[in-house]
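To start, the structure under review is shown below, and the notes come after it.
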Amino acid sequence: GDSVTQMEGPVTLSEEAFLTINCTYTATGYPSLFWYVQYPGEGLQLLLKATKADDKGSNKGFEATYRKETTSFHLEKGSVQVSDSAVYFCALSEGRGSARQLTFGSGTQLTVLP
Amino acid sequence: NAGVTQTPKFRVLKTGQSMTLLCAQDMNHEYMYWYRQDPGMGLRLIHYSVGEGTTAKGEVPDGYNVSRLKKQNFLLGLESAAPSQTSVYFCASSYSLGHTSNEKLFFGSGTQLSVL
């Protein structure tokens, strides 16, 4: 079945450091790929997405490129801020019958120190 | 904008007790979902609904029941709570999950459930 593997956390960085959170996936077809973010005490929010190979999703300074050849969707940000401290989830969506369901990775906790 | 609202936010149960978690959305979404979030395991789908009056099993449905009597509400029930059901429960909704650019889930803020 479909699966998503994320780098294990927690990740601790200093403000303005470069961030990479690795994500690889296993799917039988051509999934859509997502990054969701969960700030403390809140539900998940969509951060960015890509629906086909070589697409780049971007939002709030974060970027991720859909790499079909390496089945990866790594999240990057050039300069993190304290406000980026959250849990980041990689996810994929692939059709099954009449409904497409999201499969989530286990999440990566990011803490940014001032 | 209320979005997706879950009640209650916290609950403590004793083993064998029953309870219902309520999810309400005001975005006229067709699809609704219940997930549980456990440390190191991400989110796992319990049950979902593709429209009023319909429900379907997800990845981890055992021990839970759901109902979607109204389009805006999706209820998750635990008939006889067990310690293994201690978790954070998230409800979500979406307009559709078809292969379109509108794929996006809106999440509630979660319910922390402890079963003693």
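Proteins come first, then strands; the chains are lettered A, B, ... in the order of their sequence lines, and each starts at number 1.
Here the CG-CZ distance, from A:L46 to B:F107, works out to 9.5 Å after rounding to the nearest 0.5 Å.
B:L45 touches chain A through its side chain: at least one heavy atom from C-beta onward sits under 4.5 Å away, while N, CA, C and O do not. Contacts between B:Q37 and chain A at a heavy-atom distance below 4.5 Å involve the side chain alone, from C-beta outward. Interface remark: A:E8 contributes no atoms to any contact with chain B (heavy atom separation under 4.5 Å).
In terms of hydrophobic clustering, with Ile, Leu, Val, Met, Phe, Trp and Tyr side chains grouped at heavy-atom distances under 4.5 Å, B:Y95 and B:V4 are assigned to different clusters. Both B:M32 and B:Y64 are part of a single hydrophobic cluster, where members link through side-chain heavy atoms under 4.5 Å apart. Under the 4.5 Å side-chain heavy-atom criterion for ILVMFWY residues, a single connected hydrophobic cluster contains both A:I21 and A:L92. A:Y66 and A:L47 end up in the same hydrophobic cluster when Ile, Leu, Val, Met, Phe, Trp and Tyr side chains are linked at under 4.5 Å. Under the 4.5 Å side-chain contact rule for hydrophobic residues, B:F106 and B:W34 do not share a cluster.
Judged by distance alone, with hydrogens and angles left aside, the side-chain atoms of A:Y36 form a donor-acceptor pair with the main-chain N or O of B:L105 at under 3.5 Å.
Shortest non-hydrogen contact noted between A:E42 and B:F90 is O-CE2, 4.0 Å.
Annotation: A:Q81, atom CD; neighbour count of heavy atoms from other residues, nucleotides and ligands within 6.0 Å is above 12.
For the pair B:Y35 and A:L102, the minimum side-chain heavy-atom distance is below 4.5 Å.
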